[in-house]
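To start, the structure under review is shown below, and the notes come after it.
Chain A is the first sequence line, chain B the second, and so forth, proteins listed ahead of strands; every chain is numbered from 1.
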Protein chains: 2
Amino acid sequence: MPVTIKVSEETFTPRQQAVLTAALDLLVENGDGLTMTAVARRASCSKETLYKWFGDRDGLLTATVQWQAAKVRMPVVDRSHLNAKALRLSIEQFARDLLTVIVGEVSVTLNRTAVTHAAQEKDSLGLIVLENGPLAIRRRLKPILEAGRDARLLRFESSEDAYRTFFGLVVRDVQIRLLLGDKALTQSNIEANIEVDVKAATDQFFTLYGAKASNA
Amino acid sequence: MPVTIKVSEETFTPRQQAVLTAALDLLVENGDGLTMTAVARRASCSKETLYKWFGDRDGLLTATVQWQAAKVRMPVVDRSHLNAKALRLSIEQFARDLLTVIVGEVSVTLNRTAVTHAAQEKDSLGLIVLENGPLAIRRRLKPILEAGRDARLLRFESSEDAYRTFFGLVVRDVQIRLLLGDKALTQSNIEANIEVDVKAATDQFFTLYGAKASNA
DNA sequence: CCGCTGGCGTACCGTACGGTACGGTTCGAC
DNA sequence: GTCGAACCGTACCGTACGGTACGCCAGCGG
């Protein structure tokens, strides 16, 4: 009988978190080599316990992704005094956070897992990743963008479009290439350029949406 | 004994193509439900023939992806008289092609399959998809961009960066959301907006890289 | 000390699926 | 007509893995 995993606010005991950590490690190491037996062995627990706690394999997977994805936390941006410089720094910070997360090995693994999962009419993992990745950034960025518009620092019709353009400028083809296993993109290779790319993306964003731009 | 699949120029007999079509259909329908038995039944052939022709399951998968991916053909762009209007139309056309391909059900399936594959230290499918998707566009677009620069219609340092920005402006978060199974993005929903998005992306690209832009 | 509960380890079961073997059929060559 | 090649259909094997059952131990309340 599968145990229903609460979608949010789920509190795991330390022991359970250790199990989830083991599961995540296996996921990162072996790709999809996440077998119940392997998790049990890695976590030094019995399969029966796994089933008791997480219901079935999908439950364990969901719990792992959910738990890990929720760990991604964005730094709070000071929104009180919104001059041009502060706005730019905020947006730059978002770009940096977004890129850093996306490039990380854990993120790649989680996204791959979720994509694989979505290829089987099971979209729950996809939603979780989506919710805690792009959408989380969006929720935090949109108010900033709108505040920027209200302060006449930015110009755009739809904050949704502005956000999505921002996403595109920052992420470009990096994520899909990582997911597809492009060897030309090594971790170090990206991380070395991350600051340059972040600056460039921010510049471009302001070129498109800055108050003085002939907005498209 | 696995048969080596030639990476290019592979010519399949009509019968083999029918098998590959069946495999692709199954892939699109059932996600990863691509079992050898299912393909054999769907294509009305014997499993033994499948193994004879494609070596093993991976060979069949590779042949399917390879064969289908190679079908994506970009229209040739007239590069002879390169005035501003022609350049814009070319780039707009690239944007339209890129977006149309990426949004298609087949592309989503192929990308998902390749990502799943890449999650198992097997990156061959990823490379094929990469090669026939983004990189194919890049190969065709770069000369246009450089011609545009030579004609003083565009300004950029690196055509590579220009291409990647173009990719980001066009694709934005559409592809990853589709791969993750975001229900909010229905096929019709996207296709209805495709022209608007293409225009917007092209405008933005010219804002960033047009000759008159204060290039970032 | 007794018994109960929670959890470990392991053996076990059922099934799905990759891969193989083999008999039967069609078809072209001679 | 005979032979052989190609191929279909299906039965079969081995294995990996999800899921279950059970024996055992530790801790703890009484």
Side-chain angles (χ1 to χ4, degrees), chain A residues 1-5 11-27 29-65 112-113 116-117 119-122 124-125, chain B residues 1-5 10-65 112-113 116-117 119-122 124-125:
Chain A
M1 176 183 311
V3 175
T4 5
I5 303 289
T11 57
F12 295 110
T13 69
R15 184 75 183 97
Q16 286 172 332
Q17 293 187 21
V19 171
L20 294 180
T21 302
L24 185 69
D25 287 350
L26 280 176
L27 224 49
E29 289 172 22
N30 282 347
D32 75 337
L34 185 87
T35 74
M36 300 303 274
T37 309
V39 173
R41 188 152 40 219
R42 175 72 66 105
S44 293
C45 72
S46 75
K47 283 170 67 176
E48 195 167 12
T49 304
L50 292 184
Y51 285 101
K52 190 177 194 176
W53 285 349
F54 304 105
D56 56 4
R57 183 178 182 277
D58 237 49
L60 172 60
L61 213 51
T62 305
T64 304
V65 172
R112 278 185 183 154
T113 306
T116 301
H117 207 245
Q120 311 165 351
E121 295 102 78
K122 302 241 172 194
S124 55
L125 291 190
Chain B
M1 177 182 311
V3 175
T4 4
I5 303 289
E10 182 76 28
T11 57
F12 295 110
T13 69
R15 185 75 182 98
Q16 286 172 333
Q17 293 187 22
V19 170
L20 294 179
T21 302
L24 185 69
D25 287 349
L26 280 174
L27 223 50
V28 172
E29 289 172 22
N30 283 348
D32 74 337
L34 186 87
T35 74
M36 300 303 274
T37 308
V39 173
R41 187 152 41 217
R42 174 72 66 106
S44 294
C45 73
S46 75
K47 283 170 67 175
E48 195 168 10
T49 303
L50 292 185
Y51 285 101
K52 190 177 192 177
W53 285 348
F54 305 105
D56 57 3
R57 183 178 183 276
D58 237 48
L60 173 60
L61 213 52
T62 305
T64 305
V65 172
R112 277 188 184 152
T113 306
T116 302
H117 208 245
Q120 310 165 353
E121 296 101 78
K122 303 238 174 193
S124 54
L125 291 191

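The closest side-chain donor-acceptor pair between B:Thr116 and B:Thr113, if any, does not fall under 3.5 angstrom.
Note: CG (B:Leu50) to P (C:dA21) measures 16 Å, nearest angstrom. Protein atom OH of A:Tyr51 is 8 Å distant from nucleotide atom C1' of D:dC17, rounded to whole Å. Whole-Å rounding puts the B:Arg41 CZ to C:dA16 P distance at 12 Å. What separates NZ of A:Lys52 from C1' of D:dA21 is a distance of 14 Å, to the nearest Å. Counting to the nearest Å, the C1' atom of C:dC17 and the CD atom of A:Gln120 are 15 Å from each other. At whole-Å resolution of the value, CZ in B:Phe54 and C1' in C:dG18 are 16 Å apart. Remark: C1' of C:dG14 and CE of A:Met36 are 17 Å apart, rounded to the nearest angstrom. One atom, NZ of B:Lys47, and another, P of C:dG18, lie 7 Å apart when rounded to the nearest Å.
In this model, the phosphate group of D:dA6 is not approached by any side-chain N or O of B:Trp53 to a distance below 4.0 Å at OP1 or OP2.
Distance from the side chain of A:Cys45 is smallest for C:dC8 among the nucleotides D:dT20, D:dC8, C:dC8. The side chain of B:Thr49 has D:dC7 as its nearest neighbour among D:dG9, D:dC7, C:dC8. The side chain of B:Glu48 lies closest to D:dC8 when the candidates are C:dT20, D:dC8, C:dG7. The side chain of A:Thr35 sits closest to D:dG18 out of D:dG18, D:dC8, D:dA6.
Legend: residues meeting side chain to side chain contact (heavy atoms under 4.5 Å, CB included) with B:Ala38, ordered by chain and number and at least two apart, are B:Leu26, B:Thr35.
Counting non-hydrogen atoms under 4.0 angstrom, A:Leu34 reaches the backbone sugars and phosphates but no base. Heavy atoms of B:Arg15 sit under 4.0 angstrom from primed sugar atoms or phosphate atoms, though from no base atom.
Mapping B:Ser46 and B:Arg57 onto DNA chain C via the closest heavy atom, the residue that lands nearer the 5' end is B:Arg57.
Inter-residue side-chain proximity for B:Trp53 and B:Leu20 is flagged as unmet; no heavy-atom pair is nearer than 4.5 Å. Proximity of B:Leu27 to B:Arg112: side-chain heavy atoms (C-beta onward) are nowhere separated by under 4.5 Å.
Counting non-hydrogen atoms of neighbouring residues, nucleotides and ligands closer than 6.0 angstrom, the CZ atom of A:Arg41 reaches no more than 12 such neighbours.
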